[in-house]
Amino acid sequence: MEQVAMQKTTLAEIAPYITKDGSEIRELLHPGQHAVRQQSLAEAVVAIGARTELHRHHVTEEIYHVTRGQGLMTLGGQRFAIAAGDSIAIAPGTPHCLENTGAEALHILCCCAPAYAHEDTELL
């Protein structure tokens, strides 16, 4: 029986970086660094008053889950309010972006399958 490596990460110990869309990301679990193989999990933070670049992923399906803050989500031809507790499904090829309209940073958990890759991100 094959043993699966268990890995635990801690948000505060992960260095952030800026993605192509302009959001600050911390990769919580990613195949390039952890035991996962088919997906990635990251926390994105959008500063007060900031907006990410409109973009799409040709291969990756994403799920966003808002953990703190509020904002506006552009998803294809729709634009709607989001807040803590909301989850959004983003199909491959769908243009999307986020705008923080709240009084605190907007925090979102991002699950990507396959895992996030800069090469799969097209700015629009």
Side-chain angles (χ1 to χ4, degrees):
M1 181 177 198
E2 182 181 331
Q3 278 199 310
V4 178
M6 184 176 119
Q7 286 207 320
K8 172 186 166 258
T9 61
T10 302
L11 179 67
E13 296 173 359
I14 299 171
Y17 70 93
I18 304 299
T19 62
K20 284 176 79 173
D21 73 359
S23 58
E24 179 185 281
I25 295 286
R26 283 183 169 82
E27 289 285 4
L28 303 172
L29 293 168
H30 192 280
Q33 306 167 43
H34 306 103
V36 297
R37 295 291 165 248
Q38 305 299 317
Q39 60 187 322
S40 63
L41 178 65
E43 182 190 57
V45 178
V46 181
I48 298 168
R51 178 185 173 139
T52 63
E53 296 289 328
L54 185 66
H55 65 286
R56 66 179 162 205
H57 309 285
H58 294 280
V59 177
T60 301
E61 173 182 81
E62 292 185 286
I63 297 172
Y64 284 3
H65 179 74
V66 183
T67 59
R68 190 172 0 158
Q70 61 185 28
L72 290 173
M73 175 91 203
T74 299
L75 184 64
Q78 302 175 27
R79 188 168 161 96
F80 51 90
I82 58 172
D86 292 342
S87 297
I88 303 100
I90 306 169
T94 306
H96 58 284
C97 68
L98 295 167
E99 180 179 352
N100 183 343
T101 59
E104 66 177 319
L106 177 61
H107 290 249
I108 297 178
L109 288 177
C110 306
C111 183
C112 298
Y116 176 81
H118 283 308
E119 300 77 33
D120 188 39
T121 303
E122 176 189 7
L123 298 178
L124 302 172

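Just so we're clear, the structure is a prediction, and the values are computed from it rather than from any experiment.
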field: Evaluation steps, side-chain contact (heavy atoms from CB on, under 4.5 Å), between I14 and T9
entry: CA-CA 8 Å; I14 299 171; T9 61; 3.9 Å; yes
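Interatomic distance, T19 OG1 to H55 NE2, rounded to the nearest 0.5 Å: 6.5 Å. Considering CD of Q39 and CD1 of I63, their distance stands at 8.5 Å, rounded to 0.5 Å. Rounded to the nearest 0.5 angstrom, S23 OG and N100 CG are separated by 12.0 Å. How far CD of E13 is from CG of L28: 12.0 Å, rounded to the nearest 0.5 Å. The SG atom of C111 lies 11.0 Å from the CD1 atom of I90; values are rounded to the nearest 0.5 Å. Here the CD atom belonging to E99 is positioned 7.5 Å from the OG1 atom belonging to T74, to the nearest 0.5 angstrom.
The ring pair (Phe, Tyr, Trp, His ring centres under 6.0 Å) search around H30 returns none, not counting sequence neighbours. Residues satisfying the side chain to side chain donor-acceptor pair (under 3.5 Å) test with T52, not counting sequence neighbours, are none. The side chain to side chain contact (heavy atoms under 4.5 Å, CB included) search around P114 returns V59, T60, not counting sequence neighbours. Here E53 pairs with nothing under the salt bridge (charged side-chain N to carboxylate O under 4.0 Å, His left out) rule; sequence neighbours left out. Residues forming a side chain to side chain donor-acceptor pair (under 3.5 Å) with R51 (at least two apart in sequence, or on another chain): none. Every residue was checked against the salt bridge (charged side-chain N to carboxylate O under 4.0 Å, His left out) condition with E104, not counting sequence neighbours, and none meets it. For A50, the side chain to side chain contact (heavy atoms under 4.5 Å, CB included) partners are V46, A47, not counting sequence neighbours.
Listed by first and then second residue, the salt bridge (Lys or Arg N to Asp or Glu O under 4.0 Å) pairs that reach into residues 114-124 are R56-E122, sequence neighbours excluded. Applying the salt bridge (Lys or Arg N to Asp or Glu O under 4.0 Å) test to pairs two or more places apart or on separate chains, those with a residue in residues 20-30 are E24-R26.
Residues L75 and L106 share a single hydrophobic cluster, defined by chaining ILVMFWY side chains whose heavy atoms lie under 4.5 Å apart. F80 and L98 fall within a single hydrophobic cluster, where Ile, Leu, Val, Met, Phe, Trp and Tyr are joined by side-chain heavy atoms under 4.5 Å apart, directly or via other members.
Applying the 4.5 Å side-chain rule to ILVMFWY residues, one finds L124 in the same cluster as L54. Annotation for Y116: hydrophobic cluster partners, listed by chain and number, are Y17, I25 (ILVMFWY side-chain heavy atoms under 4.5 Å, direct or chained).
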Using a 3.5 Å cut-off and no angle test, enumerate the donor-acceptor pairs between side-chain atoms of residues 64-73 and protein atoms at least two apart in sequence or in another chain.
unit_1: H65; atom_1: ND1; unit_2: D86; atom_2: O; d: 3.4
unit_1: H65; atom_1: ND1; unit_2: S87; atom_2: OG; d: 2.7
unit_1: T67; atom_1: OG1; unit_2: H107; atom_2: O; d: 3.3

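Between P31 and A115, the shortest heavy-atom distance links the atoms CD-CB, 3.4 Å.
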